[in-house]
Amino acid sequence: MSQPSDGNKRPKRPRGKVRYIEGKCIACGGVCQSACPFDAIDINDQGEPIIHLAKCNGCRKCIKVCPTEAIELFYTPEEEKILSEYYKTDDIKKTAAKLSTIEDWKGVWVFVEQIGGHAHSVSWELLGVGRTLASDLNVELAAFLLGNDIGNLAEEAFGYGADKVYIIDDPMLNHYQTATYLHGCVSLIRKYKPEIVLMGATGLGRDLAGAVATELRTGLTADCTGLTISKEDRLLEQTRPAFGGNIMATILSETARPQMASVRPRVMSKREFQQGRSGEIVRESFLLPEQTLLTKILEIIPTQSQSSVNLAAANIIVSGGRGMMAPENFAMLKELADLLGGVVGASRSAVDAGWMPHAHQVGQTGKTVKPKLYIACGISGAIQHLVGMQTSDYIIAINKDKNAPIFEVAHLGIVGNVFEIVPAMIAQLKQKLSHAENKSKIAV
Ligand SMILES: Cc1cc2nc3c(=O)[nH]c(=O)nc-3n(C[C@H](O)[C@H](O)[C@H](O)COP(=O)(O)OP(=O)(O)OC[C@H]3O[C@@H](n4cnc5c(N)ncnc54)[C@H](O)[C@@H]3O)c2cc1C
């Protein structure tokens, strides 16, 4: 902000205060009060908010959470006067000009990640959340895909909710390379100006999203666990764990476009596939000359994975934590998982202790999973573990501490000793299976 020529300091730009709009409160239980970081809201006997203006600092958190829009922002006449002075200054005009260009960016785009013509399921999960965002903004949902001979994926994208599909199909995009995919993505985004771009937080997506955001000079929120639209200003609210997972931060990209976010596989849910749903396909050419590339892929040789476990795709996971006490005790979790047709997961404590390989770790620094059944054995339920599994369809927690936080997300909680309960479950299952006609694995 430029200073007035007389050198006097300009008064601080007012943030406004909030007030209650009489009659609109539905006595929801004090959501606004809980959201207020300044303790500026009390609730009266009718369940309505009483706002203490002296404490309010205009942060607007209460406005955002109010389900009935019963709270609004206002400025006092003195504040209005200061604001009007602000609007007269050159730099505000510049900001206004910048903001007006933001209006040109419209639509929600999802990057469809594919290898060899097979799309990564995270792309369809992102179309699921993208559909909600696009509806809230009343704009189009588009998928964009790059590759060689990948036209068939457009149909899939329509089936999972895209209204439009942008395709760059070129032999130079046969294998993923940062330079080629970066060029393709940036040229599409610059031309069509989507306001929101979502990518999967996979190895490829992490590499590409960062490069694209840097090239476009925009923000990128990685590993989001929640994406919503702010009713007030149509901004994308990007929620993710911060400070080692101890708080959930909601991040806004107010002045740059597109608003970019990446999301790990299995965090969002895909919509049911709609056979025969169609939309518009827009094809663009790839214009990067091959000579400009510094590297060339000659051959792709798959590496031998240290562990064949595919936690992210598993329908049943039996996970163990520090409560398992020793590496050999994971054998009983393996036995239970085998009987159920599942795989074994682990908390970070168990992995750090060397009881299980890192490929089995569930959580913020491990895998995000969303199985049909998640059994947590001797796991306390630290937030960093919960962010990786709390969206599982059904969670059973076994813990000897009845106050363990894992019980807050569990659908069924068993307070007891894991060394008694798991063997009992195994015995029961064996008995049931021996009675089952075909002795096949139990289907969930
Ligand atoms: C930046 C960061 C990232 C992290 N990332 C992850 C991550 O990805 N995944 C992750 O899991 N953690 C992660 N953590 C670690 C996390 O904070 C916890 O320390 C960890 O999840 C605890 O693991 P735990 O529940 O196995 O162990 P503990 O917290 O020690 O819990 C053991 C539990 O076992 C129970 N128990 C003990 N004996 C028995 C018994 N016989 N029967 C039944 N119950 C029993 C206890 O009551 C206790 O609740 C991260 C931490 C940080 C700071």
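Position 1 is the first residue of the sequence; numbering continues from there. We count ligands from 1, going down the list as the structure has it; atoms in each ligand are counted the same way. Reckoned from all heavy atoms, side chains included, excluding hydrogens, waters and symmetry mates.
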Determine all donor-acceptor pairs shorter than 3.5 Å in which one atom belongs to a side chain in residues 223-234; sequence neighbours excluded.
{"from": "D223", "atom 1": "OD1", "to": "R206", "atom 2": "NH1", "distance (Å)": "3.1"}
{"from": "D223", "atom 1": "OD1", "to": "R206", "atom 2": "NH2", "distance (Å)": "3.4"}
{"from": "D223", "atom 1": "OD2", "to": "R206", "atom 2": "NH1", "distance (Å)": "3.3"}
{"from": "T225", "atom 1": "OG1", "to": "T239", "atom 2": "O", "distance (Å)": "3.4"}
{"from": "T228", "atom 1": "OG1", "to": "E237", "atom 2": "OE1", "distance (Å)": "2.9"}
{"from": "S230", "atom 1": "OG", "to": "E232", "atom 2": "N", "distance (Å)": "3.4"}
{"from": "S230", "atom 1": "OG", "to": "D233", "atom 2": "N", "distance (Å)": "3.4"}
{"from": "S230", "atom 1": "OG", "to": "D233", "atom 2": "OD1", "distance (Å)": "2.4"}
{"from": "D233", "atom 1": "OD1", "to": "L235", "atom 2": "N", "distance (Å)": "3.4"}
{"from": "R234", "atom 1": "NH1", "to": "L137", "atom 2": "O", "distance (Å)": "3.2"}
{"from": "R234", "atom 1": "NH2", "to": "L137", "atom 2": "O", "distance (Å)": "3.2"}

Pairwise side-chain contact, T218 with R257, heavy-atom cut-off 4.5 Å (strictly under): no
Note, P265 side chain near T202 side chain (heavy atom, < 4.5 Å): yes
Sorted by chain and number, the residues that approach ligand 1 to under 4.0 Å with a heavy atom: G244, G321, R322, G323, S347, R348, S349, Q361, V362, G363, Q364, T365, G366, G378, I379, S380, A382, Q384, H385, N399, K400, D401, G416, N417, V418, F419
Other residues, nucleotides, ligands: >12 heavy atoms within 6.0 Å of K106 NZ: yes
All pairs passing salt bridge (charged side-chain N to carboxylate O under 4.0 Å, His left out) where residues 145-164 contributes a residue, at least two apart: R131-D163, E140-K164, D163-R277, K164-E280
Residues which pass ring pair (Phe, Tyr, Trp, His ring centres under 6.0 Å) with F111, listed by chain and number, not counting sequence neighbours: F144
